[in-house]
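In what follows, chains carry the letters A, B, and so on, assigned in the order in which the sequence lines appear, proteins first and then strands, with residues in each chain numbered from 1. Excluded from the calculations below are hydrogen atoms, water molecules and symmetry mates; all remaining heavy atoms, backbone and side chain alike, are included.
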Amino acid sequence: MKKFINLHPNKSARWFLGILPFALLLVLYLTASGARLAENPNDKLLPAFTTIGESVYRLAFEANKRSGEILLWGDTASSLSRLAWGVGVSALAGLVFGVLNGAIPYVRANLSPLVTFLSLIPPMAILPILFIVFGLGELSQVMLIVIGITPFLIRDLQQRVLEIPAEQIIKAQTLGASTWQIMLRVILPQVLPRLIDAVRLSLGSAWLFLIAAEAIASTDGLGYRIFLVRRYLSMDVILPYVVWITLLAFLIDFALRKISLWSFPWFHTQTASNGKPA
Amino acid sequence: MSYIQIQNVWKEYGDQIVLERINAQVKKGDFITIVGASGCGKTTFLKMLLGTESPSRGAILLEGQPIPAEPSEQRGIVFQRYSVFPHMTVLKNVMLARELERSPLLGKLFGRARRQVQEEATDLLLRVGLGHALKKYPHELSGGMQQRLALAQSLIRKPAILLLDEPFGALDPGIRADMHGLVLDLWKQHQLTIFMITHDLKEGFSLGTRLWVFDKVRLDPQAPNAFGARVTYDIPVGQADRSLYQKIDRQLEAQPLRFELPQGVLP
C-alpha cells in the first residue's frame, strides 16, 4: 500500500469526488426546505425549487410592471458595466504605475511608500468620503472599486517587474535599448500575463466593493436588488441572484485564463516547466 | 596605445578587498580567457568591463577614454543563464537589437525595414545553426541552443567587445566542444575582442589567445578578505607547456585548503 500522499484519483474518480459536495449540499437544502414547508407552507426562508423557478422566470423573462424593464438583465448590465469600468481603470493604473515603480528606482523611491500607505487604508472606511466628494451616482461606485483594488495591482505588478532577471535588463542595454525601449519591449510584454493573473486575484475584492457600493448608493444592479428584496425576506430572489453572481464571476475568471493562455503561450509553458501552476 | 588599458584597478566592498592592483594591456582582437577559484573576483572584473560595476581605484580605459559606466552596445554580453528574452521567438530575439537601433520610439519595425532586418537576423541564425528554430520560443530550445541564440543576439549590432560569463558552464561536454568551435568562428568573422570567464582550465588553455589566472597572492588566514586577487598568470595560449598547466591546476584546486592554518602554528 502506497502512502496516502502518493495516491492520485483517476479521471472519473476526480469528477465524482468534485461533484459529491455539491450534490450533498443540494440534498441537504431540499430536505431542510421540505421539512420547513411541511410545517408551514408560507415559509420564506428555504423556498422550494418550484417557487425559485417561478421567481427566476418572472425576473429573467417578464418585464417589470412599473419600469417596463426585465429586472435580471437590467441589473446584470448595470453591475457588469460598473465592474468593467472599475477593474479596467484599475488594471490600466496598475500596469502603468506598476511598471514605472518596478523599472525606475527614482520613481519607486518616490511612489512606493505612498502606494503601500494607500493600500493599507480600508476602502470601506472612506466610502462616506467618496459619497461626499463624488455624490451618490455611478462615479462613487466605480471609484470604490478603483480605490479598493488599484493599490494591490500596483504593488503586485511592481513585484513582478522586480522579478525579471537583472541579466535581461543588462542584456537589453548591450543591445542598445534606452530606458523607454526597455520598458516597452522587455518589461511590458512580460508583465501583461502577470497583470491578467493579478486581475483574476483581485476580482473577488472587486465584486465585494461593487455589491457594497450598490447596496448603499444605487437604484439598480445585482447588489442593489439583493439588498432591496431582503426587506421582504425574498429568499426566492436572493438565492438565484447569488448563484447568478457566482456564475458571472466564474465566467469572467475562466475567460481571463483562456485569454492569457492563447495570448501568452510562452508564459504558461515557462511557468509550467518551473513547476509552478500555469 | 593599446585598445583597452587596465590601470592599477582595485575593487573593494567596505573592508572586503576583492581585486587589487590589476594592470593589463589588451590589443584589439585579443581573446582572453579568465580562470580562477570561485569567489576570486572574476565576475566582478567582467562587470567592470561591462559597466555595471566601477573600480574603487584605478581606471579602465577603452581607446584612451574611461570605459562607459553603464552597459552599452559597444560591449555585448552572454551570461550563463537568462541571456535571451523568454517572450520573443528566436527570430525576434535576434531582430531586437536592430529594431531598437532603428525605431527609437516604438522599438519595433514594420514593412520593408522589418523584412530587411528579418533577413539579416535569419542569416546570422543560419550561421550559428539555428535556421530550423526561427519560430520557436527560447523555452523550447535546449541549453546549448539557447546559448547559440544568445551569441547571435549579441552579435547582430556588431559590438567591438564580447563578454562571456561562463557561457558554457551549464552545458554537456560534447555540446561544449561544438560551442568552442562556434565562438572561435564568430571571433574571427566579427574581429571581436573577447573576455571569457570559465571554470574549466582546459577551456582556458585551448581557446583564445591569452589566459589570465586570478588568484590571491597574499593571504591572511585570520582575515581572508583583507587582500584581493590579482592576475597571477598572463600566458599566451598555445605556448604553455604541460607542467605549467598542472601547476595552475593544482593551485586552483588547492585554494580551499589554504584557509587552514599552517602546521606547527598551534602548540
Requested in this report: Determine whether B/F85 and A/K171 make a side-chain contact, defined as any pair of heavy atoms from C-beta on separated by less than 4.5 Å.
Outcome: yes

**Report entry** B/W10 atom CH2: more than 12 heavy-atom contacts under 6.0 Å
**Finding:** yes

Query - CH2-CG distance between A/W180 and B/L106, expressed to the nearest 0.5 angstrom - result: 8.5 Å

Requested in this report: Please determine, among B/E73, B/R98, B/Q74, the option with the most heavy-atom pairs under 4.5 Å with chain A.
Outcome: B/E73

Report summary line: Max heavy-atom pairs within cutoff under 4.5 Å with chain A, candidates B/L163, B/I156, B/L96, B/V78, goes to B/L96

**Report entry** Closest contact, heavy atoms only, B/R157 versus A/G176
**Finding:** NH1-CA, 3.4 Å

Query raised in the report: Rounded to the nearest 0.5 Å, how far apart are CD1 of A/I170 and CD1 of B/I77?
Result: 7.5 Å

Report summary line: So CD1 of A/I169 and OG1 of B/T52: to nearest 0.5 Å the spacing works out to 13.0 Å

Requested in this report: Could you tell me which non-hydrogen atom of A/Q168 sits nearest to which non-hydrogen atom of B/V84, and how far apart they are?
Outcome: NE2-O, 4.0 Å

Query raised in the report: Of the backbone (N, CA, C, O) and the side chain (C-beta and beyond), which part of B/S72 lies under 4.5 Å from a heavy atom of chain A, both, or neither?
Result: backbone

Report summary line: B/Y82 and A/E167 have their tightest heavy-atom pair at O-CB, 3.6 Å

**Report entry** Under 3.5 Å donor-acceptor, A/Q181 side chain and B/S103 backbone
**Finding:** yes

Query - ring pair (Phe, Tyr, Trp, His ring centres under 6.0 Å) partner of B/H87, chosen from A/W266, A/F264, A/F267 - result: A/W266

Requested in this report: Taking the side chain as every heavy atom from C-beta outward, state whether B/E99 and A/R185 have any pair of such atoms under 4.5 Å apart.
Outcome: yes

Query raised in the report: Can you say whether B/R81 sits under 4.5 Å from chain A via the side chain, the backbone, both, or neither, judging by heavy atoms?
Result: backbone

Requested in this report: Decide yes or no for B/R75 and A/T174: does some side-chain heavy atom of the first lie under 4.5 Å from some side-chain heavy atom of the second?
Outcome: no

Query raised in the report: Given the options B/E70, B/E101, B/M88, which has more heavy-atom pairs under 4.5 Å with chain A than any of the others?
Result: B/M88

Query - Which atoms of B/L50 approach chain A - backbone, side chain, both or neither, heavy atom under 4.5 Å - result: side chain

Query raised in the report: Which answer fits B/Q153, side chain, backbone, both or neither, if we ask what part of it has an atom under 4.5 Å from a heavy atom of chain A?
Result: both

Query raised in the report: With only heavy atoms counted, which part of A/A172 is less than 4.5 Å from chain B, the side chain, the backbone, both or neither?
Result: both

Query raised in the report: Highest number of heavy-atom pairs under 4.5 Å with chain A: which of B/S154, B/G51, B/G76?
Result: B/S154

Report task. Taking atom CZ of A/F97 as the centre, report whether more than 12 heavy atoms of other residues, nucleotides or ligands fall under 6.0 Å from it. Result -> no

Query raised in the report: Within a radius of less than 6.0 Å around CD of B/Q191, do more than 12 heavy atoms belonging to other residues, nucleotides or ligands occur?
Result: no

Report task. Applying side chain to side chain contact (heavy atoms under 4.5 Å, CB included), name anything that partners B/A152, two or more places apart in sequence or on another chain. Result -> B/V94, B/L124, B/L125, B/V128

